[in-house]
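The structure appears below as structure tokens.
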Amino acid sequence: MKYWLMKSEPDVYSITDLKKNSTTWWEGVRNYQARNFMTKDMSPGDLVLFYHSNAEPSGVAGIAKVSKSAEPDQTQFDKKSEYFEAKASVDKPRWYCVQIEYVGTFKKTVSLADLKQQKDLKDLPVLQKGSRLSVQPVTKTHFEIIKTLGGL
DNA sequence: GCCAACGTTGGC
DNA sequence: GCCAACGTTGGC
């Protein structure tokens, strides 16, 4: 089993939305490295730190898990979607996404400031300068520390 | 709103 | 295959 951190802007899709919907396809990822993590390395059952970016405060808001392995992201075929990809076709999809399922919401978001205070988390990818990747692997140790900080 | 960091594109 | 220009991300 692996552990991940996935970013979302809560104005677009928050942990509360995921709780409401129970599951969601993680559509809209348009970065090759993030895509490759989803297609090659993620498996159902993997656990996910749900990270709110561009938020007040930004930080880890809860836990989800991978419920279905990667399939073609349908939004790339939709001309009306902001995620439309002209170079993709149903025969040759370019973008993929996994389905994730709600697990739990932290009592209080573990903010970036909280994360930075933890010496044991100094190597956490999301804390590194210029870290923009929206799907990142995290170690089991880091996952457990953050889960505990979040009260789960 | 600013801007540093990073990814992608496209001319050559 | 290089690299300048451009677009995006995301903290502050």
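Lettering of chains follows the sequences in order, A, B, ..., and the numbering in each one begins at 1. All values below come from the heavy atoms of this structure, side chains included, with hydrogens, waters and symmetry mates left out.
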#### Entry: Residue whose closest nucleotide on DNA chain B lies nearer the 5' end, A:Asn54 versus A:Arg94
A:Asn54
### Task
Over 60° means perpendicular and under 30° means parallel, so classify the ring planes of A:Phe50 and A:Tyr13, tilted if in between.
tilted
### Query
Is A:Arg30 salt-bridged to A:Asp73, going by a charged N under 4.0 Å from an acidic O?
yes
### Task
Find the distance A:Asn31:CG to B:dA5:C1' and express it as a whole number of Å.
14 Å
### Message
I'd like to know if the side chain of A:Glu101 and the backbone of A:Val66 have a donor-acceptor N/O pair within less than 3.5 Å.
### Response
no
### Query
For the ring pair A:Tyr32 and A:Trp95, is the centre-to-centre distance below 6.0 Å?
yes
### Query
Between C:dT9 atom C1' and A:Tyr83 atom OH, what is the distance in whole Å?
13 Å
### Message
Which nucleotide wins on minimum distance to the side chain of A:Tyr32, given the candidates C:dT8, C:dG10, B:dT8?
### Response
B:dT8
### Message
On the nucleotide C:dG10, are OP1 or OP2 found under 4.0 Å from the side-chain N or O atoms that A:Lys7 carries?
### Response
yes
### Task
Could you pick out which residue, A:Lys87 or A:Gly130, lies toward the 5' side of DNA chain B when each is mapped onto its nearest nucleotide?
A:Gly130
### Task
Let me know the distance between CG of A:Leu115 and C1' of C:dG11, rounded to the nearest Å.
13 Å
### Task
Round to the nearest Å and state the distance from A:Asp11 atom CG to C:dG11 atom C1'.
15 Å
### Distance, rounded to the nearest Å, where A:Glu85 contributes CD and B:dG7 contributes C1'
14 Å
#### Entry: Value in whole Å for how far the P atom of B:dT8 lies from CG of A:Leu133
10 Å
### Message
Using the side chain to side chain donor-acceptor pair (under 3.5 Å) criterion, which residues pair with A:Thr105? Sequence neighbours excluded.
### Response
A:Tyr102
### Task
Could you check which of B:dA4, B:dG10, B:dG7 has an atom nearest any side-chain atom of A:Lys129?
B:dA4
### Task
Name the closest nucleotide to the A:Lys116 side chain, picking from B:dG10, C:dT9, C:dG11.
C:dG11
### Task
For A:Tyr51 and C:dT9, give me the distance from atom OH to atom C1', rounded to whole Å.
11 Å
### Task
Could you check how far CD of A:Gln33 sits from C1' of C:dT8, rounded to whole Å?
15 Å
### Summary
Picking from C:dG10, B:dT8, C:dC12, the nucleotide nearest the side-chain atoms of A:Leu112 would be C:dC12
### Task
Could you work out which one of C:dG11, C:dT9, B:dT9 sits closest to the side chain of A:Arg132?
C:dT9
